[in-house]
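Input: a single structure, listed below in structure tokens.
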2 protein chains.
Amino acid sequence: MVTIKDVAKLANVAPSTVSRVIANSSRISEQTKKRVREVMEELGYHPNLQARSLAAKSTQAIGVIMPNSAYYAFQNPFFPEVLRGISTSSHDNKYGIYLSTGSTEDEIYHEVTSMVLGRRVDGVILLYSRINDKTMRFLQQSDFPFVVVGRPDENEERVSYVDNDNIHITKQVTNYLIELGHKNIAFVGGSINFVVTIDRLNGYKLALQDAGIPFNEDYLVHEDFIKENGREAIASLMNLSDPPTALVTQDDLIAYEMISHLEDMNIRVPDDISIVSFNNLMLSEHSKPPLTSVDICIYQLGFEATKCLLEKISVPDTLPKRITIPTKFIERKSCEQKK
Amino acid sequence: MVTIKDVAKLANVAPSTVSRVIANSSRISEQTKKRVREVMEELGYHPNLQARSLAAKSTQAIGVIMPNSAYYAFQNPFFPEVLRGISTSSHDNKYGIYLSTGSTEDEIYHEVTSMVLGRRVDGVILLYSRINDKTMRFLQQSDFPFVVVGRPDENEERVSYVDNDNIHITKQVTNYLIELGHKNIAFVGGSINFVVTIDRLNGYKLALQDAGIPFNEDYLVHEDFIKENGREAIASLMNLSDPPTALVTQDDLIAYEMISHLEDMNIRVPDDISIVSFNNLMLSEHSKPPLTSVDICIYQLGFEATKCLLEKISVPDTLPKRITIPTKFIERKSCEQKK
DNA sequence: CTGAAAGCGCTTACAG
DNA sequence: CTGAAAGCGCTTACAG
């Protein structure tokens, strides 16, 4: 392996000079730079990132933390899509991505502590926000640069995060259904441990309240339910004495599954039941019927989170901030006027 | 930051002893281990991974290289799913994952060279195999441990890789359509630059040949086409004087899109046209109609690739090998007897 | 079973 | 504008 010393020797300079040439320090003459660079080229020199990190106390890498890599969550294109935003932005800034994908909360916690304490990364992006999360608490307590994609459960004002205005958009979306004449609107949500579910549920309730529609506990379906047995979950919902005529669904993937089960039960979308959903996956355009969905701009969530994190890394006393990514309501064909 | 020296001082031992305790060396007495561990606990010591890497010349991380992060590719659940396999296996072995997601071939090349030459990782998994790939060539020439998910284009015998038997399974799948009475079978494939497309295309041709059906150039649709304008691609296929009655489709995602366009043209699946596809995404069960698809065991591809790589890292003279992951043909409802 | 010393390949005050 | 030296936090022969 060719090191800085080899280059120094051949170029007749000190190792420190070579180091400065690499950093393109303005204190080195162009002439020397040229000579050193030629030697680097000749020898095929490449800086050892480990050594640099150790000496400079900066890794040029960020940690990206996925939620429990349950089968279900992982087939969700949400993650590749945020990753795409993250990697574009980090790559632009010469940062690498260190990925953590624990399969339990404990595993995640350990991966993160080891990442942070072991100085593998300069900062961390949390790709989820759950209630009572010890990983996030650890990050806060150790005063390590981090950014959350999603609204934090605790200490909201003291952490930087990037999110959509979930309460607001879910309220709007529910209103949209109400204006179509629906009163029996069910909410098919993700796990209640995630803040995004809580926020959307609240937006949903707010809309009902404004319209004077009482909230009906029976109209609440949890993801945990669906995972277990989606068919039964939807069946018991539709077999209610007063079944819903519209659904607000946490994400497109769940919506697809619901539609499939509904069709099996001979309930047609949108004729018999309207569905609006979130994420606007590429597929949603091609599903049958094309899904009316809220585009939450996943790519941008990732991109902005990274930008925010890198800013915090380079300027440690940057104040915590909330960045709200605007959404787009994409009206397609899964909703209809109540008959 | 608490270092090995702090621990050593407080425990009244040499730093080297602390280091050996961390490595759980058998040459240290249980008594000393205990005392040192207590101090580590007390001080909240955590080893600096950078320093360790530098001294031990091992990073405990593997690099995972995604293909060009084009929008399209990235919404494909293939990647999260291989990642899940990779991360399970690497996590079991205390390895971290360093992710590279260039958006052009050049970017990928640079990320990989810097990863390898900069000693960020101990080995690399290539998540794609394309023809004429300088990244792979670089990996080979630098004699760096790496494993390919997919069959390499060059030097097949000299590189380790994990793959399905794509030629064979595509032949089978095409046969399945032939046995249903189809003769006009089109192939809707990914980019011809990827070896997986080449192999599947060959399997398809082989089946035709065995059945004495001449290969028809017009029945070949490329992904590049579809990305541009999927609707038009399928339209010109179906407007042929002798349109296909069956489709072999490179992956489920493309299949969904095809189905959607077909329905728009009032061509029904499977009544008017049969479709078989690859990957068996979670969604395929819920699509309309449920897709007949080949489950290529994506998770396992990732898992085995990692196992193979870690083996190579720990035993450098391990011989190159090919690992073939078995597939499952999942018959659902997108194919029908030719009328 | 344990320690002193050298070294991994860099960076960065300090000095000139 | 450049160099000598110390140091980042570990590991690992070597010696006893």
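Chain A is the first sequence line, chain B the second, and so forth, proteins listed ahead of strands; every chain is numbered from 1.
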Any chance the side chains of Thr135(B) and Arg137(B) put a donor and an acceptor closer than 3.5 Å? no
Given a 3.5 Å cut-off on both pairing distances, which stems involving DNA chain C, each at least three consecutive Watson-Crick or G-U pairs, are present, if any? C:1-3 with D:14-16, C:5-12 with D:5-12, C:14-16 with D:1-3
Which residue pairs satisfy the salt bridge (Lys or Arg N to Asp or Glu O under 4.0 Å) criterion with at least one member in residues 305-314 of chain B, sequence neighbours excluded? Glu304(B)-Lys307(B), Glu311(B)-Lys321(B)
Separation of Leu49(B) atom CG from dC8(D) atom P, in whole Å? 18 Å
Specify the separation, in whole Å, of atom CZ of Arg20(B) and atom P of dC1(C). 12 Å
Result for 5'-nearest mapping on DNA chain D, choosing between Ser29(A) and Ala55(B), is Ser29(A)
Using only side-chain N and O atoms of Ser19(B), determine if any of them is under 4.0 Å from OP1 or OP2 of dT11(D). yes
Among side-chain atoms of Tyr128(A) and Asp133(A), is any donor-acceptor pair under 3.5 angstrom? yes
Quick one: do the Asn164(A) and Arg151(A) side chains pair a donor with an acceptor below 3.5 Å? no
Between Leu54(A) (CG) and dC8(C) (C1'), how many Å, whole number? 9 Å
Just call it for Arg27(A): base, sugar-phosphate, or nothing, with non-hydrogen atoms closer than 4.0 Å on any strand. base
In whole angstroms, the gap separating C1' of dG9(C) from CG of Leu43(A) amounts to 15 Å
Measure the distance from CE on Met1(A) to P on dG9(C) and round it to the nearest whole Å. 7 Å
Picking from dT11(C), dC10(C), dG9(D), which would you name as closest to the side chain of Ala56(A)? dT11(C)
Lys9(A) NZ to dC10(C) P: how many Å, rounded? 14 Å
To the nearest Å, how far apart are Arg119(B) CZ and dC8(C) C1'? 13 Å
By the 4.0 Å heavy-atom rule, please label Ser16(B) as base, sugar-phosphate, or nothing. base
If you measure from the Lys or Arg side-chain nitrogens to the Asp or Glu carboxylate oxygens, is any gap between Glu38(B) and Arg35(B) under 4.0 Å? no
I want to confirm an ordering. Mapping Asn48(A) and Thr17(B) to their closest nucleotides on DNA chain C, which one lands closer to the 5' end? Thr17(B)
Can you see if the side chain of Lys57(B) gets near the phosphate of dG9(C) - specifically, an N or O under 4.0 Å from OP1 or OP2? yes
Glu30(B) CD to dT2(C) P, in whole Å, measures 10 Å
Given dG9(D), dG9(C), dA4(C), which nucleotide is nearest the side-chain atoms of Ala14(B)? dA4(C)
Should the heavy atoms of other residues, nucleotides or ligands under 6.0 Å from CG of Asp143(A) be counted, would the total exceed 12? no
Any donor-acceptor pair under 3.5 Å linking the side-chain atoms of Arg120(B) with those of Tyr98(B)? yes
Thr32(B) vs dT2(C): side-chain N/O to OP1/OP2 distance below 4.0 Å: yes
